[in-house]
Amino acid sequence: MDLFDYMRDHTMKSEAPLAARIRPVKLQEVVGQQHILGKDKLLYRAIQADKLRSVIFYGPPGTGKTTIARVIANTTSAEFTQINATTAGKKDMEEVVRQAKDSLGMYGKRTILFVDEIHRFNKGQQDYLLPFVEDGTLILIGATTENPYFEVNGALLSRSIIFELKALEKADIKELLRRALTDVERGMGAYQAVIEEDALDFLADLAGGDARNALNALELGVLTTGCGPDGKIHITLDVASECIQKKIVRYDKGGDEHYDTISAFIKSMRGSDPDAAIFYLAKMLYAGEDIRFIARRIMICASEDVGNADPQALPVAVAAAQAVERVGMPEAQIILAHAVSYVASAPKSNAASSAIFQAMEVVKRTTTTVPVHLQDRHYGGARKLGHGEGYLYAHDYPEHYVKQQYLPDEIRDQSFYHPTDIGYEQEIAGRLKRLRER
């Protein structure tokens with residue numbers, strides 16, 4: 001390293017964002033993630049013993065994936081190399097492999113390769129790493145905000161241990177903020193800043209489990225707030241609110257948060273909890289989810305989970321879907337809330353959806369023929385073949401009903417639709433029972 005490299009590194013460290021400067025360098029400094037970093041946990045023991053094997057850290061932004069990798073870099077006796085999948089190309093990877101082979105061959109030292117945003121690597125790039133992970137040339141540490149089971153090569157997954165990081169608890173973020181505010185060497189300690197407890201709670205709460213978001217807001221507050229009469233910078237609730245502006249909702253439209261939230265949304269409507277359903281609706285709208293997608297899910301729920309217990313649920317959902325396309329946001333949120341609250345509060349029955357699933361199974365495994373008396377007799381030659389012979393026209397009979405066989409002979413005793421005694425379906429069940437007993 002020459003003088004210019006030294007000065008550049010020194011400047012970058014001093015001018016780096018607070019979240020980067022305050023990043024832990026020792027395992028004992030890491031906050032949160034006790035489910036994988038507790039002293040009795042595998043990852044903690046592996047790092048302490050310097051016996052780490054290939055791993056993938058998976059979790060939301062700001063939860064410590066890069067931090068843990070940095071701790072490993074400061075702990076291990078192996079060579080440590082980092083690349084970012086968003087910028088690294090084939091030549092960068094070839095150079096890493098070359099240096100890893102040299103290190104192993106000349107000094108007997110293995111190389112840990114940390115790949116940030118590993119989901120950004122395409123299949124070919126991931127395949128390139130595979131043989132070197134397989135033969136031990138590289139110990140891979142991958143970090144990703146996306147579900148690795150969807151985004152990472154299955155062969156790499158089979159050779160790695162996956163550790164899921166959780167969103168940090170509010171108490172964890174408060175501890176990090178206090179540490180950052182008092183640390184003179186790496187934090188904001190030299191500014192003589194103090195933070196009020198309600199401001200601390202506010203930042204920790206609105207960070208959404210993302211430590212980086214909270215630290216960025218704190219740094220902005222310290223750097224843009226003047227000293228008070230006592231010579232100290234006071235981070236009040238107003239200052240904190242201005243710095244963080246808007247809560248960052250963890251919601252990746254192609255990732256786990258999308259699927260988890262829509263799952264909770266549907267299950268809340270199915271479970272007749274309009275409060276929870278409205279909450280998840282609000283979360284999706286706040287995060288910018290496509291209102292047409294939301295409307296489609298409401299229509300499905302109205303039919304699958306409400307069904308004939310309230311036949312009006314589906315028309316309400318369909319009307320809402322049409323209305324949101326014509327009206328758009330922000331007024332569409334009112335229309336969606338209308339439909340969601342109706343479907344969630346409606347009586348529930350899945351009798352109709354169960355009926356079609358059962359019927360589909362029978363169709364898959366059974367060969368049937370339409371009964372002769374139900375066959376069409378209007379096309380050429382059908383009458384001569386006896387098609388339609390013996391059919392009883394329902395409207396010619398009392399209540400427009402006459403008992404006759406409609407199912408094929410092969411499944412004539414099969415039953416699919418079993419209406420419940422809930423909501424309007426109770427009326428349907430009673431009518432069918434009365435007709436069948438005639």
Side-chain angles (χ1 to χ4, degrees), residues 18-76 78 80 82 112 114-118 139-149 152 157 160-183 186-187 195 197 200-218 247-252 255-257 260-261 264:
L18 175 62
R21 300 200 311 271
I22 203 69
R23 181 170 281 146
V25 294
K26 297 184 295 186
L27 194 54
Q28 294 75 15
E29 295 178 353
V30 178
V31 174
Q33 310 303 342
Q34 289 304 297
H35 64 291
I36 60 172
L37 287 176
K39 291 189 177 181
D40 60 335
K41 302 300 182 182
L42 173 63
L43 182 59
Y44 180 92
R45 299 198 311 272
I47 294 173
Q48 287 288 75
D50 197 11
K51 297 295 183 182
L52 192 71
R53 292 297 178 262
S54 292
V55 298
I56 293 177
F57 296 134
Y58 152 54
T63 53
K65 299 182 293 296
T66 303
T67 292
I68 297 174
R70 288 291 187 181
V71 167
I72 293 170
N74 293 328
T75 305
T76 183
F80 187 92
Q82 175 177 351
I112 294 176
F114 173 51
V115 182
D116 202 6
E117 307 284 348
I118 192 171
I139 298 172
L140 175 67
I141 300 177
T144 176
T145 56
E146 304 293 329
N147 191 325
Y149 292 102
V152 178
L157 287 180
S160 307
I161 301 175
I162 298 174
F163 291 101
E164 182 177 1
L165 279 69
K166 307 292 187 181
L168 293 179
E169 298 290 337
K170 183 176 177 180
D172 297 331
I173 294 180
K174 289 174 70 173
E175 181 180 342
L176 286 172
L177 291 173
R178 289 192 186 99
R179 182 188 299 176
L181 207 57
T182 56
D183 190 316
R186 293 183 292 158
I195 185 169
E197 191 64 27
L200 188 66
D201 285 332
F202 178 81
L203 288 179
D205 188 43
L206 262 71
D210 185 335
R212 188 183 299 110
N213 187 36
L215 289 167
N216 288 343
L218 178 67
K247 181 175 180 178
I248 305 301
V249 174
R250 296 192 314 276
Y251 189 88
D252 185 339
D256 286 1
E257 280 294 325
D260 290 344
T261 303

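Predicted, not measured: the structure shown is a model, and the values here were computed from it. Start at 1 with the first residue, then count along the sequence.
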(message) Is the shortest side-chain heavy-atom distance between Leu203 and Ile173 below 4.5 Å?
(response) no
(message) Applying salt bridge (charged side-chain N to carboxylate O under 4.0 Å, His left out), can you list everything that pairs with Arg53, at least two apart in sequence or on another chain?
(response) none
(request) Determine whether Ile22 and Leu215 make a side-chain contact, defined as any pair of heavy atoms from C-beta on separated by less than 4.5 Å. (result) yes
(message) What I'd like to find out is whether the side chain of Leu18 reaches to under 4.5 Å of the side chain of Asn216, using heavy atoms alone.
(response) no
(request) Look up atom CG in Leu181 and atom CG in Leu218, then write down how far apart they are to the nearest 0.5 Å. (result) 5.5 Å
(request) Decide yes or no on side-chain contact (heavy atoms from CB on, under 4.5 Å) for Glu146 and Val152, but give the supporting numbers first. (result) CA-CA 9 Å; Glu146 304 293 329; Val152 178; over 6 Å; no
(message) For residues 25-52, which residue pairs pass the salt bridge (charged side-chain N to carboxylate O under 4.0 Å, His left out) check, not counting sequence neighbours?
(response) Glu29-Arg186
(request) State, to 0.1 Å, how close Gly62 and Arg212 come at their nearest heavy-atom pair, and which atoms those are. (result) N-NH1, 3.5 Å
(request) Report the distance from atom OG of Ser160 to atom CD1 of Ile118, rounding to the nearest 0.5 Å. (result) 7.5 Å
(request) For Thr63 and Gly59, indicate whether the former's side chain and the latter's backbone hold a donor-acceptor pair under 3.5 Å. (result) no
(message) Thr76 and side chain to side chain contact (heavy atoms under 4.5 Å, CB included): which single residue from Ile112, Ile139, Ile47 fits?
(response) Ile112
(message) Once rounded to the nearest 0.5 Å, what's the spacing between atom CG of Asp183 and atom CZ of Arg21?
(response) 9.0 Å
(message) Check this for me: does any side-chain nitrogen of one of Lys174 and Glu169 sit under 4.0 Å from a carboxylate oxygen of the other?
(response) no
(message) I want to check something: taking the side chain as every heavy atom from C-beta on, are Phe163 and Ile56 in contact at a cut-off of under 4.5 Å?
(response) no
(message) For a 4.5 angstrom cut-off between non-hydrogen side-chain atoms, does Ile72 reach Ile141?
(response) yes
(request) Go through Leu43 and Ile161 one step at a time and tell me if the side-chain contact (heavy atoms from CB on, under 4.5 Å) criterion holds. (result) CA-CA 10 Å; Leu43 182 59; Ile161 301 175; over 6 Å; no
(message) If I take atom CG from residue Leu177 and atom OG1 from residue Thr182, how far apart are they, to the nearest 0.5 angstrom?
(response) 10.5 Å
(request) Please answer whether the main-chain N or O of Leu168 pairs with a side-chain N or O of Asp172 as donor and acceptor at a distance below 3.5 Å. (result) no
(request) Assess whether side-chain contact (heavy atoms from CB on, under 4.5 Å) is satisfied between Ile162 and Tyr149, documenting all intermediate values. (result) CA-CA 10 Å; Ile162 298 174; Tyr149 292 102; 3.4 Å; yes
(message) Taking the side chain as everything from C-beta on, heavy atoms only, tell me whether Asp210 gets closer than 4.5 Å to Pro60.
(response) no
(request) Taking atom CZ of Arg23 as the centre, report whether more than 12 heavy atoms of other residues, nucleotides or ligands fall under 6.0 Å from it. (result) yes
(request) Compare every heavy atom of Ala143 with every heavy atom of Phe114, then report the nearest pair and how far apart it is. (result) CE1-CB, 3.6 Å
(request) Flag the pair Phe57 / Thr144 as yes when at least one side-chain heavy-atom distance between them is below 4.5 Å, and no otherwise. (result) no
(request) In sequence, state the C-alpha distance, the side-chain angles, and the governing distance for Glu164 and Lys65, and then conclude on salt bridge (Lys or Arg N to Asp or Glu O under 4.0 Å). (result) CA-CA 9 Å; Glu164 182 177 1; Lys65 299 182 293 296; over 6 Å; no
(request) For the pair Thr75 (side chain) and Val71 (backbone), establish whether a donor and an acceptor sit closer than 3.5 Å, ignoring hydrogens and angles. (result) yes
(message) Can you confirm whether Leu27 sits close enough to Asn74 that some side-chain heavy atom of one is under 4.5 Å from a side-chain heavy atom of the other?
(response) no
(message) I'd like to check the salt bridge (charged side-chain N to carboxylate O under 4.0 Å, His left out) partners of Arg179; sequence neighbours left out, ordered by chain and number.
(response) Glu175
(request) Taking Gln33 for its side chain and Lys166 for its backbone only, find out whether a donor-acceptor pair lies under 3.5 Å. (result) yes
(request) Would you confirm whether Ser54, through its side chain, and Leu140, through its main-chain N or O, come within 3.5 Å as a donor-acceptor pair? (result) yes
